[in-house]
*Asks:* 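One structure, pasted below without further comment.
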Amino acid sequence: MRVNSVLKKKQQPTEAYSAPRRGVCMNCTAGCGLKVFRDAGMEKIFGDENHQINKGALCPKIVNIRRCTNGGGRLSVPCVRETPASPWRECSWEEALQTIAARLARLREKAGSAVIALPGFGTETFDYFVSASWFSGLFKNSAGPEDFTPSALGNSGALARMFGVSGTCLAMNTPRDWSKSKTILILGGDPAAESPISFGALMDARDRGNTVVYLGSAGGMTALRASLALLVRPGTEALALASLVHGLVRDGLVHAETLSKHTTGLDFLKAGLFPFAPEAVAPFCGVHTEQLEQCIALVGQSSPLHVQIGSPAFTLNNDSLLSLGAALPVLRGSIGLPGGGFNMKGVSPFRMPAEKPDNQSWRGSFERLLLSAQKPAAVLAQGDWASRLVGGSAVREALKGLGFIAHLGCFDNATRKLALVSLPLLHWSEYPGLVDRNDGRALQWAPQLFEPFGQSRSPLEIWAALAGLIFPEAVPPWDQRPEESPPRKLAGHMLASNPLTAGITLEALDNYAPGLPSGGVLWPAADKNALDFERSRFIQGNVRGQNILFTQNSLYPCHDRRFPTPDGRIHLEAVVVPAFPPVAKSQALHSASGSPLLDLVIREAVGKIPDHPSLPGQASAAPGHTAGIHPETAADLGISRGLRLHIRNPETQSQITAYADICWSVPPDTLSLEADPGSFLFPVVGGSSCTVEVSTAVSLP
Amino acid sequence: MRVIYVSTHYNERGVALRDAHPDDLVMLLDIDRCLGCGTCFQGCLAEHGPEPALARPIALGVRATGRASQLLNLPGACPACTSPCPYAAGSFWTFCPADRVNAYSGEICDKCVDRLAQGLMPACATRCAMKCLYVGRAVDIHFALAEKRLRNMGEAEFLP
């Protein structure tokens, strides 16, 4: 088959169409630009080539999203019922809202005993977050979405103590800067699976010769595509990171000028990280010491260094990992340089921690709230949060004991099965609003793309109507704005009242005026005059707003210092040092109790004896039973896939037989045995080694 | 359509480009960038209609051993095998290895002829999220291949 012309990669359908409608995707934190072609008999979504984040590409989550939002299973009518066991009864919006208002008004009279919990889980839109926070604030004793959103600064605010201000505006950079990095260290998560479009910028950087290092436990496609992957055991990422920082200080691979002029507390950091030598940490992390040393040498030779948290910031709740990750580019002198810095994705200027007393033990965790004495009497929330709760049966029982659950959402799910009132919510593509949280650190305005489905309503309407029923005297603070529609009033109010966004107007966010490309406005922006196209960069982008990292904005606080912190210095003494696991080293390697995997230390492979049947009284492996071995360990011991292994513990004289399987997910120097209940029970002895006898019979059933 | 896979681990070429006519239609797959996200699959569905029976994602994987486990499932490829099946429209296989020619009568990949007629890339290549899938004339693919090889050579340093 032959063609005559150069094929173009235009994001457009073949059918005749009028001008497409442009918008912003809110499925994940990437913040991609969309073009929607809607004409007679056609409805197709393509990427926006002019958008700075995706440049025309879209991930599969959005291409055919109308099949989900416009098809079967979508909730369209409000429903109520008496008990969770009884069937749903369709009703009017007035009846459903009155039902909720009657329950909440009763709780309001019971002062001091009721908590109205609206868990946010970070997945909600800007409209939902702000209006639900305002609604919950009307109650005396309540919890709002901001209480459950782990902020980018960590729950106890280690980053805030390090930098003195919101660390986000100081330390973050945008995907266009990533290609200027020498080395990019991805901490945890699996960004290739979570947001492929943001990961594309990392692949571009790798293809331009940068090094992408992955440190985490998830592995997956991110680890496959990284230049160097350090796969540690789950929960030990902070330990491995501490050993990286330890190695940098030990080998003198730090930027002395930055440390002496712009930081304090380096001695505290050195003392705190003294025990985290690579050889001490490696057994806990399940990696070789040489791998950690290789990583230290790589990170220590690269500048600028860019550390990126792999998962969106709202899913992160680990101060130690955050502060150590921020300390790494500080030690290398990379903060505030193009291509350097500490990057948290999906951070919003509006989702900072609420100014509340810190004596509530449940802050940041809805599960802890359920188990606490302040157990909520009513829960109103969006999405399927009930199926995402962790903590086992205790939390599930506490959830069933709640008095009243109202479900707001597009689809039937596990949360709705527990609820007494179901309110159909509009999908994010069906109402306009601000997009405040994306990886490009730009604020964008998302217009309405599709017609509302059924009788669904937007979260702003729902919370305003409920507040009007329960608190007739309450007036939303954004109600006095001159804009025409409630979403624009809300966005205008929030933009003007936040010092980080005070210079941004709604008109500047409107990407859809003629002549203005999409892409949004960078925050922080305190000056209206700075909202021009970016001019200070090597590559002229189409993002409006100046980058606070590299240009001095006279209206921004502390603009006359290199680091806009109150005293111009970064406080390294605020770094939270991780704790070693509370078991001895030898026992840590035998974490078999309660785990489906049984880990054994292999010291050596003794001989190669011919295949023989198991002796009487000894447990033998069932056919098809396998023992996973790390490839490097297998190479050291001369084990190949399919060999039958006789694993003997000399202290207990117990023995099992299994077929060798080579897999990367097993830590080095251990055997991973699939524990088949009833088949055998291998006693675990702390610190003991076992002997592996390798037979020559090669057969896999 | 000729298909070329490139990767640092797997460098086998299905059909040598030097034999190709400059105007031949060629698909280039950069396996180093592919995440297996399946946007090509979704793009094929969006282009050809809602029946997912024949469209399957391009699934690429290179194992640590260096051998590609599964090379290519073209969207709309014949479900009888995992190779691209241009039996009716191309010259990759001279016979059907699955002996499905007579039994199978469904639609196979039509290479998005409507898009080609307008000078546009097929839907899968248009949609590819990681920009690892190119379709074009052999002369254009030469350029992309050379760029990829240049990248693999590392950074160039210019002395003053």
*Asks:* Among A/Lys61, A/Gln11, A/Lys55, who wins on heavy-atom pairs under 4.5 Å with chain B?
*Replies:* A/Gln11
*Asks:* Measuring heavy-atom distances to chain B, does A/Lys10 have an atom under 4.5 Å in its side chain, in its backbone, in both, or in neither?
*Replies:* both
*Asks:* In terms of heavy-atom proximity below 4.5 Å to chain A, should B/Asp140 be classed as side chain, backbone, both, or neither?
*Replies:* side chain
*Asks:* Tell me, for A/Ile45 versus chain B, whether the close heavy atoms (under 4.5 Å) come from the side chain, the backbone, both or neither.
*Replies:* backbone
*Asks:* Can you name the closest pair of heavy atoms from A/Val63 and B/Gly43 and give their distance?
*Replies:* CG1-N, 4.3 Å
*Asks:* Roughly how far, to the nearest 0.5 Å, is the CZ atom of B/Arg127 from the CZ atom of A/Phe46?
*Replies:* 4.0 Å
*Asks:* What's the separation between atom CG in B/Leu25 and atom CG in A/Leu7, rounded to the nearest 0.5 Å?
*Replies:* 6.5 Å
*Asks:* Taking all non-hydrogen atoms of both residues, which atom of B/Lys131 and which atom of A/Ala57 are closest, and how far apart?
*Replies:* NZ-CB, 3.9 Å
*Asks:* Could A/Asp204 and B/Arg33 be called an ion pair, given the rule that one side-chain N must be under 4.0 Å from one carboxylate O?
*Replies:* yes
*Asks:* Nearest 0.5 angstrom please: A/Arg2 CZ to B/Leu116 CG, how far?
*Replies:* 15.0 Å
*Asks:* B/Val135 versus chain A, heavy atoms under 4.5 Å apart: side chain, backbone, both or neither?
*Replies:* both
*Asks:* With the side chain counted from C-beta on, respond yes when B/Glu47 and A/Thr14 share a heavy-atom pair under 4.5 Å apart, and no when they do not.
*Replies:* yes
*Asks:* Rounded to the nearest 0.5 Å, how far does OG1 of B/Thr39 lie from CG of A/Asn64?
*Replies:* 10.5 Å
*Asks:* Side-chain contact, heavy-atom cut-off 4.5 Å: A/Phe199 with B/Met130?
*Replies:* yes
*Asks:* Would you compute the distance between atom CD of B/Gln42 and atom SG of A/Cys59 and round it to the nearest 0.5 angstrom?
*Replies:* 9.5 Å
*Asks:* Hey, what do you get for CG (B/Leu120) to CD (A/Gln12), rounding to the nearest 0.5 Å?
*Replies:* 5.5 Å
